[in-house]
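A short write-up of the structure that comes next.
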Amino acid sequence: QQQVRQSSQSLTVWEGETAILNCSYENSAFDYFPWYQQFPGEGPALLIAIRSVSDKKEDGRFTIFFNKREKNLSLHIKDSQPGDSATYFCAASADAGAKLTFGGGTRLTVRP
Amino acid sequence: GPKVLQIPSHQIIDMGQMVTLNCDPVSNHLYFYWYKQILGQQMEFLVNFYNGKVMEKSKLFKDQFSVERPDGSYFTLKIQPTALEDSAVYFCASSLGEGTEVFFGKGTRLTVV
């Protein structure tokens, strides 16, 4: 049973479009939701994170929308660039810094 | 930014042999983690470690696995003996404390043959 699920394994958008990556979770105890970006051959790097007390977190071109009632969240990447092409992991934990439960990842391709 | 270094990047080992994966965490970090990722699957938590002790481990952390960080040196994951199903990429991570960002290394690809 997957506790954190990412609905798409892959997503392709054109440069300049907004990429939307979706994630859902099952455990109501989760209260911290980081998104990690991973390039081939690299480890995951924290991109942006949100706590369950908030419904939106914005950092530059990246925004998380969070719906606690529906237990889902999405990462929006505005004005997508080819350099954003990577695998994005949604993760969750019951406490920031505690063990992270990862989704399966979404491979984003941004076409010029 | 802060770097977590993992040595080696690749390791091929015969089934039944012992292997030690080494991790050099961010210098002032206190919490250490190992995650396992089988090709094409999601990353899964193995264990976390603080103040010289295992704090929590998952079902994937079999009896053949052990971790230690002797005297502030490398944080290591030892598998003895290895099995074919241990083939995966193992990611080390560290954080300064609870509630702080977790930094990941580039991973060690372990192939058990």
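The chains referred to below are lettered A, B, ... by the order of the sequence lines, with proteins before strands, and numbering in each begins at 1. Hydrogens, waters and symmetry mates play no part in the numbers below; they use all other heavy atoms, side chains included.
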Verdict with reasoning, K71(A) to E26(A), per salt bridge (Lys or Arg N to Asp or Glu O under 4.0 Å)
CA-CA 7 Å; K71(A) 291 185 187 169; E26(A) 307 208 350; over 6 Å; no
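Below 30°, between 30° and 60°, or above 60°: for F102(A) and Y36(A) the angle between ring planes is between 30° and 60°, a tilted geometry.
Here the two rings, on Y33(B) and F49(B), have centers that are 6.0 Å apart or farther. Aromatic pair F45(B)/F61(B): centroids not less than 6.0 angstrom apart.
For a residue to count as touching a neighbouring chain, one of its non-hydrogen atoms must lie under 4.5 Å from one of that chain's; by this rule Y35(B) touches chain A with the side chain only. With a 4.5 Å cut-off on non-hydrogen atoms, Q6(B) does not touch chain A at all. For chain B, no part of Q9(A) is nearby; none of its heavy atoms comes within less than 4.5 Å.
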